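Step one of this worksheet: look at the structure below.
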There are 2 protein chains.
Amino acid sequence: MGRTSDARERLLQAAIDLIWTHSYASIGVDQICNQAGVKKGSFYHFFPSKTDLALAAYDEHWRSIQPQLDAIFSPLVRPLDRIERWCDALYQHQKALHAQFGRVCGCPYANVGTEIGSQDERIRSKISELFGRAQQYLESALRDLAAEGLSSAREVRATASAIHSCELGLLVRAKVANDPEVLRELGPAVRRLLGLKAPSRIAA
Amino acid sequence: MGRTSDARERLLQAAIDLIWTHSYASIGVDQICNQAGVKKGSFYHFFPSKTDLALAAYDEHWRSIQPQLDAIFSPLVRPLDRIERWCDALYQHQKALHAQFGRVCGCPYANVGTEIGSQDERIRSKISELFGRAQQYLESALRDLAAEGLSSAREVRATASAIHSCELGLLVRAKVANDPEVLRELGPAVRRLLGLKAPSRIAA
DNA sequence: GTTCAGGTAAACCGATCGGTCAAGAAACGG
DNA sequence: CCGTTTCTTGACCGATCGGTTTACCTGAAC
């Protein structure tokens, strides 16, 4: 019954875009409404608060990238290649964002997590949840890698943790340097963490 | 001539404390003034803008921690021990902050860098500069490590970069998880990055 | 074709934002 | 002691913040 609308989806998309390219606190509800072509009254019809919009937006963002992660980490791909492709996709993605917006955007989860994680428990918890999901892809690949004898099975979690940390740190550094090329360090760093001292020396 | 005051120093300290434990945008000039016991008019007597306060505050913060870094990275200490002590100091420091404020605060530079690095070029540049300084400590230790034959001299910069990235990423994860124990992963991760597969297995 | 939930529009709210201003108080150099 | 400079004070500014309210419109279901 009643009419239908895609205003909710437009608000979610506008929120992701604006918060990612700027920051949570610097983007007002009015700006999100403008970008989405929605009036404030409608905003608060769909979301009880800005926080609730953000929570929904991050769920939506994860939903939108999950298929890409599933493809990259497909069990049909050799585990080491999964990780290499993931490193490359991260770099390409941030490079594209840099070309589009003139600045490195970094990790949308980490950005908002560090910004308001100490002030909004619900958002902190949501980001923590998404971090956990991301790490599962790495753990799965590492277990398959261990099955190939290329990695120690005992330290799968620790290794995935280290790789994830390295990724997040590089995204921070790339953003602060405003240079996506920083992210090319991820591949070599991951290989070191895996104990693979001999990467493709030709391309070095 | 004229009267003297330590209001400037109090403002810098209040700014560091409040922004570190909350965020840049969520802390207003009024709050900083209150915490420092300074009236707004005085604030703008000392600083032309909130941005300028932040820039001065980060210089002041670096100035305050530099002696500790100099001590940790003393050339009199064996290079590997410098890095181990640095890892431990990081953990202890964040643990103390967590005990004091009930939350992991993370890296003050990275926090503000990711928050407003895309919006304020001067602050982004300042954080980038401080990151560079921090990395110099690591590079110096790695060069001394190479002189001991424990590390490859060719990849000093890349290794220091990777270690720094890992540190920043762990600080993000610790903040998002609100758990300082995450930072205990730094030591093992650094050892892997250095190619030292055999840490103290007893304490594992 | 009417009904009515679902959605929109625009005015409005108190609070707070970063920043300004002008007048006065304090303390240093002379 | 005076004059100058430095610092303090508190009122004030327009803009924007997240959020509310109310009346009105629209369209799918019966």
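Naming convention: chains lettered A, B, ... in sequence-line order (proteins, then strands); numbering from 1 in each chain. Just so it is clear, the structure is predicted and the values come from calculations on it, not from any experiment.
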Sugar-phosphate, base or nothing in reach of A:Ile27, heavy atoms under 4.0 Å: sugar-phosphate
Spacing between B:His22 atom NE2 and C:dC17 atom P, to the nearest angstrom: 12 Å
Of B:Gly2 and B:Ser26, the one whose closest DNA chain C nucleotide lies more 5': B:Ser26
Of residues 29-51 of chain B, the positions that come close to DNA chain C - non-hydrogen atoms, cut-off under 4.0 Å: B:Val29, B:Asp30, B:Gln31, B:Lys40, B:Gly41, B:Tyr44, B:Ser49, B:Lys50
Between A:Ser23 and B:Gln119, a side-chain donor and acceptor under 3.5 Å: yes
Parallel, tilted or perpendicular: ring planes of B:Tyr109 versus B:Tyr58, cut at 30 and 60 degrees: perpendicular
Distance, rounded to the nearest Å, where A:Ile116 contributes CD1 and D:dC17 contributes P: 16 Å
Between C:dT8 (C1') and A:Arg8 (CZ): distance, integer Å: 17 Å
Integer-rounded Å distance: D:dT6 C1' and B:Arg3 CZ: 8 Å
Below 4.0 Å: OP1/OP2 of C:dA26 and any side-chain N or O of B:Thr4: no
Over-ring placement of B:Arg184 relative to B:Tyr91, 6.0 Å and 45° cut-offs: yes
Side-chain donor-acceptor contact under 3.5 Å, B:Glu115 with A:Tyr24: no
Whether B:Trp20 and B:His61 hold their rings parallel, tilted or perpendicular, with breakpoints at 30° and 60°: perpendicular
Student check: side-chain heavy atoms of B:Gln13 and B:Gln35 closer than 4.5 Å: no
